[in-house]
**Student:** 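Supplied in C-alpha coordinates, the structure appears directly below.
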Amino acid sequence: MICKELTPPIILEKTEALSGRIVQHHLKVPLIDKDLRKRRAGYKGESTVYYHLTFLKDKRYKIFYDVRLPILSNHFQMDFLILTPFYILIIEVKNISGLVTIDPFIKQLTRTHKGVTEGFVDPVSQVQRYKLLLQKWFETHKVKHPPLKHLVVFSNPSTTLSYTVSPASDDPYKQIIHAQNIIDKIKELNEKYTQVAATEKELSKLKRLVLKNHEEPEINILKAYSLTKKDILTGIRCENCQHIPMIRVSASWSCPKCRHSSKTSHITAIHEYFLLLNNHLTNSELRKFLHLNSRNTAYKILKSFQLQSQGGTKSVTYSKPTR
(Lines give C-alpha, C1' and ligand atoms only; values in the text may rest on other atoms or scores of the structure.)
Protein backbone atom coordinates (compact mmCIF):
# COMPACT_ATOMS: atom_id res chain seq x y z
CA MET A 1 0.00 0.00 0.00
CA ILE A 2 1.58 3.25 -1.17
CA CYS A 3 1.13 5.94 1.51
CA LYS A 4 3.47 8.54 -0.01
CA GLU A 5 3.91 8.32 -3.75
CA LEU A 6 6.93 8.78 -5.98
CA THR A 7 7.29 12.39 -7.12
CA PRO A 8 10.33 14.25 -8.47
CA PRO A 9 12.33 15.68 -5.54
CA ILE A 10 12.09 19.46 -5.23
CA ILE A 11 15.88 19.79 -5.53
CA LEU A 12 15.73 18.01 -8.90
CA GLU A 13 12.90 20.25 -10.15
CA LYS A 14 14.78 23.37 -9.06
CA THR A 15 18.05 22.22 -10.65
CA GLU A 16 16.29 21.42 -13.94
CA ALA A 17 14.64 24.85 -13.96
CA LEU A 18 17.97 26.53 -13.18
CA SER A 19 19.77 24.61 -15.93
CA GLY A 20 17.25 25.88 -18.48
CA ARG A 21 17.29 29.52 -17.34
CA ILE A 22 20.81 30.40 -16.27
CA VAL A 23 22.44 32.91 -18.61
CA GLN A 24 24.59 31.33 -21.28
CA HIS A 25 28.30 30.74 -20.64
CA HIS A 26 27.97 31.39 -16.89
CA LEU A 27 30.87 29.95 -14.90
CA LYS A 28 28.49 27.87 -12.77
CA VAL A 29 26.93 26.05 -15.77
CA PRO A 30 29.34 23.02 -15.65
CA LEU A 31 28.69 22.52 -11.92
CA ILE A 32 24.91 22.86 -12.34
CA ASP A 33 24.90 20.40 -15.24
CA LYS A 34 27.01 17.93 -13.23
CA ASP A 35 24.66 18.16 -10.25
CA LEU A 36 21.66 17.79 -12.56
CA ARG A 37 23.04 14.55 -14.01
CA LYS A 38 23.63 13.18 -10.50
CA ARG A 39 20.14 14.14 -9.31
CA ARG A 40 18.48 12.70 -12.39
CA ALA A 41 20.41 9.47 -11.90
CA GLY A 42 19.38 9.36 -8.24
CA TYR A 43 15.71 9.83 -9.09
CA LYS A 44 15.94 7.22 -11.85
CA GLY A 45 17.35 4.75 -9.33
CA GLU A 46 14.61 5.51 -6.82
CA SER A 47 12.00 5.11 -9.57
CA THR A 48 13.37 1.63 -10.29
CA VAL A 49 13.06 0.60 -6.65
CA TYR A 50 9.59 2.17 -6.42
CA TYR A 51 8.47 0.06 -9.39
CA HIS A 52 9.47 -3.14 -7.59
CA LEU A 53 7.81 -2.02 -4.36
CA THR A 54 4.48 -1.43 -6.12
CA PHE A 55 4.13 -5.22 -6.33
CA LEU A 56 3.65 -5.27 -2.56
CA LYS A 57 -0.14 -5.02 -2.77
CA ASP A 58 -0.88 -6.33 0.74
CA LYS A 59 -2.22 -3.58 3.02
CA ARG A 60 0.13 -4.68 5.78
CA TYR A 61 2.92 -2.90 3.85
CA LYS A 62 2.71 0.86 4.27
CA ILE A 63 5.23 2.32 1.83
CA PHE A 64 6.53 5.90 1.93
CA TYR A 65 8.81 7.51 -0.66
CA ASP A 66 11.29 10.25 0.30
CA VAL A 67 10.40 10.88 3.93
CA ARG A 68 12.04 13.83 5.69
CA LEU A 69 11.43 14.07 9.43
CA PRO A 70 12.53 16.69 11.99
CA ILE A 71 14.68 15.63 14.91
CA LEU A 72 15.80 18.24 17.47
CA SER A 73 17.00 21.18 15.33
CA ASN A 74 17.79 19.08 12.26
CA HIS A 75 16.16 16.70 9.78
CA PHE A 76 16.90 13.25 8.39
CA GLN A 77 15.70 11.95 5.06
CA MET A 78 15.04 8.36 3.99
CA ASP A 79 14.65 7.21 0.38
CA PHE A 80 12.00 4.66 1.37
CA LEU A 81 10.30 3.72 4.62
CA ILE A 82 8.12 0.62 4.91
CA LEU A 83 5.95 0.01 7.96
CA THR A 84 4.73 -3.53 8.65
CA PRO A 85 3.21 -5.18 11.75
CA PHE A 86 6.43 -7.20 12.17
CA TYR A 87 9.27 -4.79 11.35
CA ILE A 88 10.04 -1.36 9.91
CA LEU A 89 12.34 -1.23 6.90
CA ILE A 90 14.52 1.72 5.87
CA ILE A 91 15.80 1.54 2.30
CA GLU A 92 18.75 3.54 1.00
CA VAL A 93 19.00 3.57 -2.82
CA LYS A 94 22.23 3.95 -4.80
CA ASN A 95 22.42 4.35 -8.57
CA ILE A 96 26.14 3.79 -9.17
CA SER A 97 27.55 2.17 -12.30
CA GLY A 98 30.71 0.07 -12.68
CA LEU A 99 32.53 -2.14 -10.17
CA VAL A 100 31.55 -1.25 -6.61
CA THR A 101 33.79 -2.52 -3.82
CA ILE A 102 32.59 -2.46 -0.21
CA ASP A 103 35.11 -2.58 2.63
CA PRO A 104 33.24 -3.41 5.88
CA PHE A 105 36.41 -3.05 7.95
CA ILE A 106 37.18 0.60 7.18
CA LYS A 107 33.55 1.35 6.18
CA GLN A 108 34.33 2.55 2.69
CA LEU A 109 32.73 2.21 -0.74
CA THR A 110 34.76 2.69 -3.92
CA ARG A 111 33.66 2.61 -7.54
CA THR A 112 35.80 1.81 -10.56
CA HIS A 113 34.27 2.88 -13.84
CA LYS A 114 35.96 3.51 -17.20
CA GLY A 115 39.37 3.24 -15.59
CA VAL A 116 38.66 5.78 -12.85
CA THR A 117 38.38 4.84 -9.15
CA GLU A 118 36.60 7.13 -6.72
CA GLY A 119 35.23 6.93 -3.20
CA PHE A 120 31.64 7.40 -2.01
CA VAL A 121 29.89 7.82 1.32
CA ASP A 122 29.49 4.40 2.93
CA PRO A 123 25.77 3.65 2.42
CA VAL A 124 25.59 1.15 5.29
CA SER A 125 26.91 3.68 7.82
CA GLN A 126 24.46 6.16 6.31
CA VAL A 127 21.39 3.95 6.70
CA GLN A 128 22.51 2.78 10.15
CA ARG A 129 22.53 6.42 11.18
CA TYR A 130 18.98 6.81 9.87
CA LYS A 131 17.96 3.84 12.02
CA LEU A 132 19.32 5.54 15.12
CA LEU A 133 17.60 8.81 14.23
CA LEU A 134 14.29 7.11 13.51
CA GLN A 135 14.55 5.27 16.82
CA LYS A 136 15.14 8.61 18.55
CA TRP A 137 12.24 10.15 16.61
CA PHE A 138 9.86 7.43 17.80
CA GLU A 139 11.07 7.89 21.36
CA THR A 140 10.49 11.65 21.11
CA HIS A 141 6.89 11.01 20.03
CA LYS A 142 6.47 8.31 22.69
CA VAL A 143 5.13 5.64 20.34
CA LYS A 144 5.88 1.93 20.33
CA HIS A 145 7.09 0.47 17.06
CA PRO A 146 8.27 -2.78 15.47
CA PRO A 147 12.04 -3.50 15.21
CA LEU A 148 13.97 -1.36 12.74
CA LYS A 149 15.72 -3.02 9.79
CA HIS A 150 17.59 -1.67 6.78
CA LEU A 151 18.52 -2.40 3.18
CA VAL A 152 20.97 -0.79 0.80
CA VAL A 153 19.68 -1.25 -2.74
CA PHE A 154 21.71 -0.72 -5.92
CA SER A 155 19.28 0.14 -8.68
CA ASN A 156 21.51 -0.35 -11.72
CA PRO A 157 21.43 -4.06 -12.72
CA SER A 158 24.80 -3.75 -14.47
CA THR A 159 26.57 -2.70 -11.26
CA THR A 160 29.01 -5.36 -10.02
CA LEU A 161 29.17 -5.63 -6.23
CA SER A 162 32.14 -7.07 -4.37
CA TYR A 163 33.48 -7.16 -0.80
CA THR A 164 37.05 -6.88 0.40
CA VAL A 165 36.02 -9.29 3.16
CA SER A 166 32.83 -11.33 3.07
CA PRO A 167 30.57 -10.13 5.93
CA ALA A 168 28.98 -12.53 8.41
CA SER A 169 25.31 -13.41 7.96
CA ASP A 170 24.25 -11.04 10.75
CA ASP A 171 26.56 -8.21 9.67
CA PRO A 172 24.80 -4.99 8.58
CA TYR A 173 26.92 -5.09 5.42
CA LYS A 174 25.13 -8.27 4.41
CA GLN A 175 22.02 -6.20 3.72
CA ILE A 176 23.18 -4.94 0.33
CA ILE A 177 21.26 -6.10 -2.75
CA HIS A 178 20.30 -5.28 -6.32
CA ALA A 179 16.86 -3.77 -6.92
CA GLN A 180 15.50 -6.82 -8.74
CA ASN A 181 16.01 -8.86 -5.54
CA ILE A 182 14.12 -6.55 -3.21
CA ILE A 183 10.87 -8.55 -3.14
CA ASP A 184 12.75 -11.77 -2.34
CA LYS A 185 14.62 -9.96 0.44
CA ILE A 186 11.37 -8.72 1.94
CA LYS A 187 10.03 -12.28 1.82
CA GLU A 188 13.10 -13.36 3.81
CA LEU A 189 12.35 -10.69 6.41
CA ASN A 190 8.75 -11.89 6.59
CA GLU A 191 9.95 -15.44 7.30
CA LYS A 192 12.38 -14.23 9.96
CA TYR A 193 10.06 -11.77 11.74
CA THR A 194 6.72 -13.45 12.41
CA GLN A 195 5.75 -11.95 15.75
CA VAL A 196 3.25 -9.09 15.52
CA ALA A 197 4.87 -6.01 17.05
CA ALA A 198 2.19 -3.48 16.07
CA THR A 199 -1.54 -3.87 15.62
CA GLU A 200 -3.31 -2.43 12.58
CA LYS A 201 -4.53 0.43 14.75
CA GLU A 202 -1.00 1.17 16.00
CA LEU A 203 0.35 0.93 12.46
CA SER A 204 -2.25 3.40 11.21
CA LYS A 205 -1.23 5.75 13.99
CA LEU A 206 2.42 5.50 12.87
CA LYS A 207 1.35 6.16 9.28
CA ARG A 208 -0.52 9.33 10.25
CA LEU A 209 2.38 10.46 12.42
CA VAL A 210 4.90 10.07 9.59
CA LEU A 211 2.71 11.88 7.04
CA LYS A 212 1.90 14.69 9.48
CA ASN A 213 5.54 15.30 10.37
CA HIS A 214 7.09 14.97 6.91
CA GLU A 215 8.58 18.31 5.85
CA GLU A 216 9.71 19.32 2.38
CA PRO A 217 13.14 21.01 2.41
CA GLU A 218 13.35 24.77 1.97
CA ILE A 219 15.90 25.22 -0.82
CA ASN A 220 17.06 28.57 -2.17
CA ILE A 221 18.65 27.25 -5.36
CA LEU A 222 20.15 30.61 -6.33
CA LYS A 223 21.84 30.97 -2.96
CA ALA A 224 23.10 27.38 -3.19
CA TYR A 225 25.09 28.31 -6.30
CA SER A 226 25.90 31.91 -5.25
CA LEU A 227 23.69 33.32 -8.00
CA THR A 228 21.37 36.33 -8.15
CA LYS A 229 18.15 37.09 -10.06
CA LYS A 230 20.28 38.82 -12.70
CA ASP A 231 21.72 35.42 -13.63
CA ILE A 232 18.27 34.11 -14.59
CA LEU A 233 16.83 34.49 -18.09
CA THR A 234 13.29 35.87 -18.15
CA GLY A 235 10.68 35.21 -20.79
CA ILE A 236 8.97 32.07 -22.06
CA ARG A 237 11.14 29.27 -23.41
CA CYS A 238 10.06 27.60 -26.65
CA GLU A 239 9.49 23.90 -25.97
CA ASN A 240 10.40 23.14 -29.59
CA CYS A 241 13.81 24.81 -29.96
CA GLN A 242 14.46 26.14 -26.38
CA HIS A 243 14.76 29.75 -27.60
CA ILE A 244 13.98 32.49 -25.03
CA PRO A 245 11.82 34.54 -25.22
CA MET A 246 8.63 33.67 -27.09
CA ILE A 247 6.37 36.58 -28.10
CA ARG A 248 2.71 37.08 -27.26
CA VAL A 249 0.64 37.11 -30.47
CA SER A 250 -3.12 37.36 -29.99
CA ALA A 251 -3.94 34.58 -27.47
CA SER A 252 -0.84 32.48 -28.21
CA TRP A 253 2.91 32.46 -27.71
CA SER A 254 5.03 32.48 -30.86
CA CYS A 255 8.71 31.63 -31.20
CA PRO A 256 10.56 34.11 -33.42
CA LYS A 257 13.27 31.55 -34.14
CA CYS A 258 11.39 28.38 -35.21
CA ARG A 259 7.85 29.79 -35.59
CA HIS A 260 6.44 27.28 -33.11
CA SER A 261 3.16 28.44 -31.55
CA SER A 262 1.54 27.48 -28.24
CA LYS A 263 -1.30 28.65 -26.04
CA THR A 264 0.08 27.09 -22.84
CA SER A 265 3.84 27.78 -22.79
CA HIS A 266 3.39 30.24 -19.91
CA ILE A 267 2.46 27.36 -17.56
CA THR A 268 6.01 26.01 -17.48
CA ALA A 269 7.47 29.50 -17.18
CA ILE A 270 5.36 30.36 -14.13
CA HIS A 271 6.23 27.00 -12.54
CA GLU A 272 9.93 27.84 -13.06
CA TYR A 273 9.42 31.28 -11.53
CA PHE A 274 8.15 29.67 -8.32
CA LEU A 275 11.00 27.16 -8.32
CA LEU A 276 13.77 29.71 -8.84
CA LEU A 277 12.77 33.17 -7.70
CA ASN A 278 10.00 33.25 -5.13
CA ASN A 279 6.97 31.38 -3.84
CA HIS A 280 4.71 34.36 -4.58
CA LEU A 281 4.36 37.02 -7.29
CA THR A 282 2.35 40.05 -8.28
CA ASN A 283 0.75 41.05 -11.57
CA SER A 284 3.67 43.40 -12.20
CA GLU A 285 6.27 40.71 -11.48
CA LEU A 286 4.50 38.28 -13.80
CA ARG A 287 4.42 40.81 -16.64
CA LYS A 288 8.13 41.47 -16.21
CA PHE A 289 9.00 37.76 -16.14
CA LEU A 290 6.82 36.77 -19.13
CA HIS A 291 7.62 39.96 -21.11
CA LEU A 292 3.95 40.96 -21.14
CA ASN A 293 2.59 44.48 -21.60
CA SER A 294 -1.05 43.88 -20.77
CA ARG A 295 -2.05 43.96 -17.11
CA ASN A 296 -5.41 42.40 -18.06
CA THR A 297 -3.73 39.46 -19.85
CA ALA A 298 -1.51 38.87 -16.82
CA TYR A 299 -4.58 38.96 -14.57
CA LYS A 300 -6.37 36.36 -16.70
CA ILE A 301 -3.28 34.10 -16.65
CA LEU A 302 -3.01 34.36 -12.86
CA LYS A 303 -6.71 33.63 -12.37
CA SER A 304 -6.39 30.50 -14.53
CA PHE A 305 -3.98 29.01 -11.94
CA GLN A 306 -5.06 27.61 -8.59
CA LEU A 307 -3.10 30.23 -6.68
CA GLN A 308 -3.78 31.65 -3.25
CA SER A 309 -4.32 35.41 -3.35
CA GLN A 310 -3.79 37.98 -0.63
CA GLY A 311 -4.12 41.76 -0.50
CA GLY A 312 -6.17 44.48 -2.17
CA THR A 313 -7.04 44.90 -5.83
CA LYS A 314 -3.88 46.79 -6.80
CA SER A 315 -1.54 45.08 -4.36
CA VAL A 316 -2.73 41.49 -4.59
CA THR A 317 -0.05 38.82 -4.23
CA TYR A 318 -0.42 35.31 -5.63
CA SER A 319 1.15 32.30 -3.97
CA LYS A 320 1.56 28.72 -5.07
CA PRO A 321 0.02 26.14 -2.66
CA THR A 322 2.65 24.10 -0.79
CA ARG A 323 3.33 20.54 -1.92
Side-chain angles (χ1 to χ4, degrees), residues 6-50 65-66 68 77 79 92-100 109-121 123 126 153-159 179 216-246 253 255-258 260 262 265-279 289-291 320 323:
L6 178 81
T7 55
I10 190 66
I11 183 62
L12 172 58
E13 289 189 318
K14 285 175 177 279
T15 311
E16 286 182 330
L18 180 60
S19 177
R21 286 197 171 269
I22 189 168
V23 294
Q24 291 183 349
H25 311 304
H26 196 285
L27 292 175
K28 291 295 177 69
V29 167
L31 175 60
I32 292 167
D33 288 345
K34 179 183 177 182
D35 288 346
L36 180 57
R37 287 192 297 270
K38 287 168 58 178
R39 287 162 186 163
R40 281 175 173 166
Y43 182 59
K44 181 180 179 182
E46 290 161 3
S47 300
T48 298
V49 174
Y50 184 85
Y65 166 69
D66 192 27
R68 183 174 180 267
Q77 192 163 353
D79 291 338
E92 177 67 20
V93 181
K94 297 298 177 186
N95 188 4
I96 302 175
S97 304
L99 172 62
V100 173
L109 182 148
T110 57
R111 186 270 297 272
T112 302
H113 185 56
K114 296 181 179 180
V116 178
T117 299
E118 56 184 324
F120 289 82
V121 173
Q126 194 175 2
V153 180
F154 283 83
S155 60
N156 192 328
S158 66
T159 303
E216 289 288 341
E218 293 288 336
I219 301 168
N220 185 328
I221 196 73
L222 298 188
K223 185 177 180 181
Y225 289 99
S226 301
L227 301 172
T228 69
K229 292 182 179 181
K230 294 180 180 179
D231 297 312
I232 300 301
L233 295 172
T234 59
I236 291 178
R237 181 170 60 246
C238 174
E239 57 262 43
N240 186 53
C241 72
Q242 306 305 307
H243 174 78
I244 297 179
M246 297 180 81
W253 301 97
C255 177
K257 184 176 181 182
C258 73
H260 173 72
S262 169
S265 294
H266 58 275
I267 295 175
T268 299
I270 293 173
H271 181 58
E272 290 172 343
Y273 178 95
F274 284 129
L275 288 169
L276 298 176
L277 299 178
N278 215 328
N279 57 7
F289 189 71
L290 298 187
H291 297 194
K320 184 179 179 182
R323 285 169 51 139

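For this chain, numbers begin at 1 and follow the sequence in order. Note that the structure is predicted; figures quoted are calculated from it, not measured.
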**Student:** Would you name the heavy atoms of R237 and G20 that are closest together and state the gap between them?
**Tutor:**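 Closest pair (atom of R237, atom of G20, distance): NH1-O, 3.1 Å.
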**Student:** Start with the C-alpha gap between Y225 and D35, add the side-chain angles, then the distance that decides, and say whether side chain to side chain donor-acceptor pair (under 3.5 Å) holds.
**Tutor:** CA-CA 11 Å; Y225 289 99; D35 288 346; 2.6 Å; yes
**Student:** Do L275 and I10 have side chains that get closer than 4.5 Å, going by heavy atoms?
**Tutor:** yes
**Student:** Could you check whether any side-chain heavy atom of L222 comes within less than 4.5 Å of a side-chain heavy atom of L277, counting everything from C-beta outward?
**Tutor:**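 Of all side-chain heavy-atom pairs linking L277 with L222, at least one is under 4.5 Å.
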**Student:** When you compare the side chains of S265 and E239, does any donor N or O come within less than 3.5 Å of an acceptor on the partner?
**Tutor:**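 Yes, E239 and S265 have a side-chain donor paired with an acceptor closer than 3.5 Å.
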**Student:** Hey, does H260 have a side-chain heavy atom less than 4.5 Å from the side chain of C241?
**Tutor:** no
**Student:** If you look at every heavy atom in G98 and H113, which pair is closest and at what distance?
**Tutor:**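 Where G98 meets H113 most closely, the heavy atoms are CA-ND1, 3.7 Å.
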**Student:** Could you tell me which residues satisfy ring-ring contact (aromatic ring centres under 6.0 Å, His included) with F274, sequence neighbours excluded, listed by chain and number?
**Tutor:**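 For F274 there are no ring-ring contact (aromatic ring centres under 6.0 Å, His included) partners, ignoring immediate neighbours.
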**Student:** For the pair S47 (side chain) and Y43 (backbone), establish whether a donor and an acceptor sit closer than 3.5 Å, ignoring hydrogens and angles.
**Tutor:** yes
**Student:** Does anything in residues 20-34 pair up under salt bridge (Lys or Arg N to Asp or Glu O under 4.0 Å), and if so which pairs, sequence neighbours excluded?
**Tutor:** R21-E272
**Student:** Can you tell me how far the CD atom of E46 sits from the CG atom of N95, to the nearest 0.5 Å?
**Tutor:**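 Those atoms lie 9.0 Å apart.
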**Student:** Less than 4.5 Å apart, side chain to side chain, heavy atoms only: is that true for I232 and L18?
**Tutor:** yes
**Student:** Taking all atoms of both residues into account, what is the closest heavy-atom pair of M246 and C238, and its distance?
**Tutor:** SD-CA, 3.6 Å
**Student:** Do NZ/NE/NH1/NH2 and the carboxylate oxygens of E16 and R39 come within less than 4.0 Å?
**Tutor:** no
**Student:** Does a side-chain heavy-atom distance below 4.5 Å link V29 with V23?
**Tutor:**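 No. Closest side-chain heavy atoms not under 4.5 Å.
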**Student:** Tell me the closest heavy-atom pair linking T159 and F154, and the distance in Å.
**Tutor:**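 Minimum heavy-atom contact is CG2-CD2, 4.3 Å.
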**Student:** Using a 3.5 Å distance criterion without hydrogens, assess whether the side chain of K94 forms a donor-acceptor pair with backbone atoms of P123.
**Tutor:** no
**Student:** I want to check something: taking the side chain as every heavy atom from C-beta on, are T234 and H291 in contact at a cut-off of under 4.5 Å?
**Tutor:** yes
**Student:** Closest heavy-atom contact between V121 and L109?
**Tutor:** O-CB, 4.4 Å
**Student:** Hey, what's the ring geometry for Y65 with Y50, parallel, tilted or perpendicular (30° and 60° as the breaks)?
**Tutor:** perpendicular
**Student:** Please name the pair of heavy atoms, one in A179 and one in V153, separated by the smallest distance, quoted to 0.1 Å.
**Tutor:** CA-CG1, 3.5 Å
**Student:** Could you tell me whether the side chain of V100 reaches within less than 4.5 Å of the side chain of T112, counting heavy atoms only?
**Tutor:**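 Counting from C-beta outward, T112 and V100 never come under 4.5 Å.
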**Student:** Would you give the length of the straight line joining atom CD1 of I270 to atom CG of L290, rounded to the nearest 0.5 angstrom?
**Tutor:** 5.5 Å
**Student:** Which residues pass the salt bridge (charged side-chain N to carboxylate O under 4.0 Å, His left out) test with E118, not counting sequence neighbours?
**Tutor:** R111
**Student:** Run the side-chain contact (heavy atoms from CB on, under 4.5 Å) test on D79 and V49 for me, step by step, so that the C-alpha distance in whole Å, both residues' side-chain angles and the decisive distance to 0.1 Å come before the verdict.
**Tutor:** CA-CA 10 Å; D79 291 338; V49 174; over 6 Å; no
